[in-house]
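Scroll down for the structure; my scribbles are underneath it.
Chain letters run A, B, ... following the sequence lines, proteins first, then strands; residues in each count from 1. Just so it is clear, the structure is predicted and the values come from calculations on it, not from any experiment.
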Amino acid sequence: MEEESIKGNFIKNIITEDIAKGINGGRVMTRFPPEPNGYLHMGHAKSICLNFGVAKDFNGRCNLRFDDTNPSREYQKYIDSIIFDVQWLGFDWGEKICYASDYFDQLHEYAVELIKKGRAYVCSLDGDQIREYRGTLTKPGRESPDRDRPMEENLDLFERMGKGEFQDGAYVLRAKIEMASPNINMRDPVLYRIKNISHPRTGSKWCIYPMYDFTHGISDALEGITHSLCTLEFQDHRPLYDWLLDEVSVPCHPRQIEFARMNLNYTVMSKRKLQQLVEKGIVDGWDDPRLPTLAGIRRRGYTPEAVRNFCNIIGVGKKENRIDVGILENAIREDLNEKAPRAMAVVNPLKVTIENWEDGRTESLEALNHPQNPDMGTRSILFSRNLYIEREDFMESPPKKFFRLGPGREVRLRYAYFITCTRVIKDENGVITELICTFDPATRGGDAPDGRKVKGTLHWVSEEGSVPAKVHLYDRLFTTEDPEADTHDFTQNVNPDSLIKITGARVEKGLADALPGEAFQFERLGYFCLDSKLSSPGLPLFNRTVTLRDTWAKVSKKGNTV
RNA sequence: UGGGGCGUCGUCAAGCGGUAAGACACAGGAUUUUGAUUCCUGCAUUCGGAGGUUCGAAUCCUCCCGCCCCAGCCA
């Protein structure tokens, strides 16, 4: 079955070595540190599974910590949605949620400590000047004129910054490291900036807020984190992370380890790009089922188990990667194949009249809820003279390998009878509107006593035993594997058929009582779930989570069918 | 062209000096009242390239090539 933890990887190897060396007394503590400025997506899921998974594997713990140091773009609604998502994924952060803002007092003290040690100073250069003084990738930076400001003056200025005496941008607190460092992060990085704005959690207590680099390492240390896992772009920050923890009197010195973020093909993963899709109305909100946001895939019908398993399977390394969505699709199929009860639904109905079935007569037939799992029981489905089959399951002049219905052909209706098509009715435009068929009473349940075989089995629904429904068929959001490649505007690559809205579907009557999010396999079509937002009692809406593996589609696409 | 990383099958990914795991994908075949599931079988003489060390290298050394990241008072 399912493995609940990330398999062997370089991070676990490092931790195993650290434990062997007796570092941290064998204790392992990680953290998942989202900034509450957007919704979580699959990339975060990887990090969540990694951090919580590693902690679990080593009998440690993992904190959920909000990195809320920039109140100008962080909001409570994101905090709420992130908490919900992490919970949904199935992880437990213990007794309390952590917030970097809870450490603002201590952070401030550590800043003062740095100033007193002569390792930080208040700089009055403005943004442009700081950038100019910083130098470039190939040219060293120049020292700020304020770099040697006396310690008392720094202390005084920093205190007044905190009291709100200055405008935004008037001063910043900077670490005094090395302006000629080849690592730009070490060129006297800004530690604190003035932002006369209130914070979602600390209100108006502060008007100076600590920067990421200063906050993160110290927060890690205060929480007793042993291994601080982050993405590759922070590799250049590690020297600063270590410098800070060495200079300040924190209780411990966590080890930062960087891993590659996940990319999925046929989609985009960055908050900024996702936001564009939402804002331009290309998708319908952050929980649009086509998006790789956790809210989106949840609504699409993905289960936490499948997501966790997926994160497991893809592993973790330091190589840039672009995972094939097929792996994700396989994960959800694997999970739903086992869990989802089967049902019949006709997405694109074609009317079928059984001419030798008495008008008005209905019959109850028994159907398995899961062919491989008898424990899931049976249900009864209604057969009658008036049926619907999938329009795609009939061809007037079928190729040899087409096992479905055609004029004069006999097929089985699942759990019902063998039927033979005797006549095709068309409208004035030549469009097929109805099929006239006969059924064989001896084949009740789907077996022929004379042993004759039939190549195809079709799903169906009867007029009396079904209700109308809406169905949303989703496909990949983009037509190219890497939507961001070779274009200035990735939205040009949006797949126009990524959502097909079907209004005239018919589903088994029992499905009318489905619960929001409840998953089913519509036989021969795929896995579907009741939409949690747009479904109404009288007209259920089902989202297609993923299609079934379809060998026929492959064969017919190859063109060897005609 | 400064610094930091990365390069093992189509896509991920194990491997840590002893002679290339696994997953997905793909290709065959068996079973099948879902062309589903399940089940077999096949799928890197080779690890970015070239040298070198060694009885032996994807693993060690050297050089080269390619790709990614960094110049926010964002994280």
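- Spacing of P atoms, rA13(B) relative to rC6(B), comes out at 13 Å, to the nearest Å.
- Nucleotide rG28(B) carries an anti base; the chi torsion (O4'-C1'-N9-C4 or O4'-C1'-N1-C2) is more than 90° from 0.
- Residue-level contact check: L191(A) touches neither bases nor backbone, having no heavy atom under 4.0 Å from any strand.
- Rounded to an integer number of Å, the gap from CG of L240(A) to P of rA71(B) is 14 Å.
- For N9(A), taking side-chain heavy atoms from C-beta onward, the closest of the listed nucleotides rC73(B), rG15(B), rA14(B) is rA14(B).
- Between H216(A) and R31(A), the side chains place a donor N or O and an acceptor N or O closer than 3.5 Å (distance only, hydrogens not considered).
- Across all strands, M211(A) comes closer than 4.0 Å only to sugar-phosphate atoms, never to a base (heavy-atom distances).
- Taking only distance into account, the side chain of Q372(A) meets the base of rA36(B) through a donor-acceptor pair shorter than 3.5 Å.
- Using modelled atom types and a 3.5 Å distance limit, the side chains of H459(A) and R524(A) yield a donor-acceptor pair.
- Residue contacts shown for N321(A) are limited to sugar-phosphate atoms, with no base heavy atom under 4.0 Å away.
- Here G169(A) lies in heavy-atom contact (under 4.0 Å) with a base.
- Here the P atom of nucleotide rG3(B) and the CG atom of N185(A) are 15 Å apart, to the nearest Å.
- In terms of position on RNA chain B, the residue among L548(A) and G127(A) whose nearest nucleotide sits closer to the 5' end is L548(A).
- The pairing partner recorded for rG72(B) is none, the criterion being a Watson-Crick or G-U wobble arrangement whose two distances lie under 3.5 angstrom.
- We find that CZ of F520(A) is positioned 21 Å from P of rU34(B), with the value rounded to whole Å.
- Of the N and O atoms on the side chains of N183(A) and S181(A), not one donor lies less than 3.5 Å from an acceptor on the other residue.
- In this structure, H216(A) reaches neither bases nor backbone, as no heavy-atom distance under 4.0 Å exists between it and the strands shown.
- For K163(A), the salt bridge (Lys or Arg N to Asp or Glu O under 4.0 Å) partners at least two apart in sequence or on another chain are E159(A).
- Counting to the nearest Å, the C1' atom of rC73(B) and the CG atom of L173(A) are 11 Å from each other.
- Side-chain contact check for N369(A) and R379(A): at least one donor-acceptor pair (N or O, by modelled atom type) lies under 3.5 Å.
- In this structure, CD1 of I313(A) is placed 10 Å from C1' of rC12(B), rounded to the nearest angstrom.
- Within the 4.5 Å cutoff, the side chain of R174(A) has no heavy atoms near those of the V122(A) side chain.
- Using a 4.0 Å heavy-atom criterion, one finds that R414(A) contacts the bases of the nucleic acid, with or without backbone contacts as well.
- Note on D126(A): a base of the nucleic acid sits closer than 4.0 angstrom, heavy atoms only.
- At the heavy-atom level, T69(A) lies under 4.0 Å from the strands shown only through sugar-phosphate atoms.
- When each of rA75(B), rG5(B), rG2(B) is scored by its nearest atom to the side-chain atoms of K318(A), the top-ranked nucleotide is rG5(B).
- Between the side chain of N183(A) and the base of rG4(B), no donor-acceptor pair of N or O atoms lies under 3.5 Å.
- For P371(A), whose side chain is taken as the heavy atoms from C-beta onward, the closest listed nucleotide among rC69(B), rA71(B), rU34(B) is rU34(B).
- Partner assigned to rU38(B) is rA30(B), using Watson-Crick or G-U wobble distances below 3.5 angstrom.
- The separation of rC64(B) from rG3(B), taken at their P atoms, amounts to 14 Å, rounded to a whole angstrom.
- The side-chain ring of Y212(A) is not stacked on the base of rA75(B), judged by centre separation under 5.5 angstrom and plane angle under 30 degrees.
- If you run side-chain hydrogen bond (donor to acceptor under 3.5 Å, both in side chains) between S101(A) and each of T215(A), D68(A), D67(A), only D68(A) comes through.
- Between the side chain of R174(A) and the base of rC73(B) there is no donor-acceptor pair of N/O atoms closer than 3.5 Å.
- For the residue pair E233(A) and Q235(A), no side-chain donor N or O sits within less than 3.5 Å of a side-chain acceptor on the partner.
- Rounding to whole angstrom units, CD of residue E35(A) and C1' of rA75(B) are separated by 5 Å.
- Comparing rC74(B) with rU11(B), their C1' atoms are spaced 32 Å from each other, to the whole Å.
- The nucleotide whose nearest atom lies closest to any side-chain atom of N13(A) is, among rG5(B), rC16(B), rG3(B), rC16(B).
- Nucleic acid contact for R412(A): base, since at least one base atom lies under 4.0 Å from a heavy atom of the residue.
- Going from the P atom of rG48(B) to that of rU8(B) covers 6 Å, rounded to whole Å.
- The closest side-chain donor-acceptor pair between N51(A) and S47(A) falls under 3.5 angstrom.
- rA58(B) and rG51(B): their P atoms are spaced 14 Å apart (whole Å).
- Using a 4.0 Å heavy-atom criterion, one finds that V190(A) contacts the sugar-phosphate atoms exclusively.
- Counting only heavy atoms from C-beta on, N330(A) has its side chain closest to rC24(B) among rC24(B), rC73(B), rA75(B).
- When the nucleotides rG35(B), rA75(B), rU11(B) are ranked by their closest atom to the side chain of T551(A), rG35(B) comes out on top.
- Here, rU32(B) and rG18(B) have their C1' atoms 46 Å apart, quoted to the whole Å.
- R238(A) comes within 4.0 angstrom of nothing in the nucleic acid, heavy atoms only.
- Of the candidate nucleotides rU11(B), rG4(B), rA71(B), rA71(B) has the atom lying nearest to any side-chain atom of T136(A).
- For rU53(B), there is no paired base (Watson-Crick or G-U wobble, both distances below 3.5 Å).
- Across the protein-nucleic acid pair, E233(A) atom CD and rC69(B) atom P stand 10 Å apart, rounded to whole Å.
- Within 4.0 Å (heavy atoms only), Y209(A) reaches no atom of the nucleic acid at all.
- The side chain of I314(A) sits closest to rC12(B) out of rG3(B), rA71(B), rC12(B).
- One can place CD of E390(A) at 13 Å from C1' of rU34(B), the figure rounded to the nearest angstrom.
- For Y417(A), the ring pair (Phe, Tyr, Trp, His ring centres under 6.0 Å) criterion is met by W357(A), F383(A), F439(A), not counting sequence neighbours.
- D168(A) comes within contact range of no nucleotide atom at all, as no heavy-atom separation falls under 4.0 Å.
- Taking atom P on both rA36(B) and rA25(B), the two are 13 Å apart, rounded to the nearest angstrom.
- Between the C1' atoms of rC47(B) and rU19(B), the separation comes to 13 Å (whole Å).
- Contacts of E258(A) with the nucleic acid, taken as non-hydrogen atoms under 4.0 Å apart, are absent.
- Among rG3(B), rC6(B), rC70(B), the nucleotide with an atom closest to any side-chain atom of P182(A) is rG3(B).
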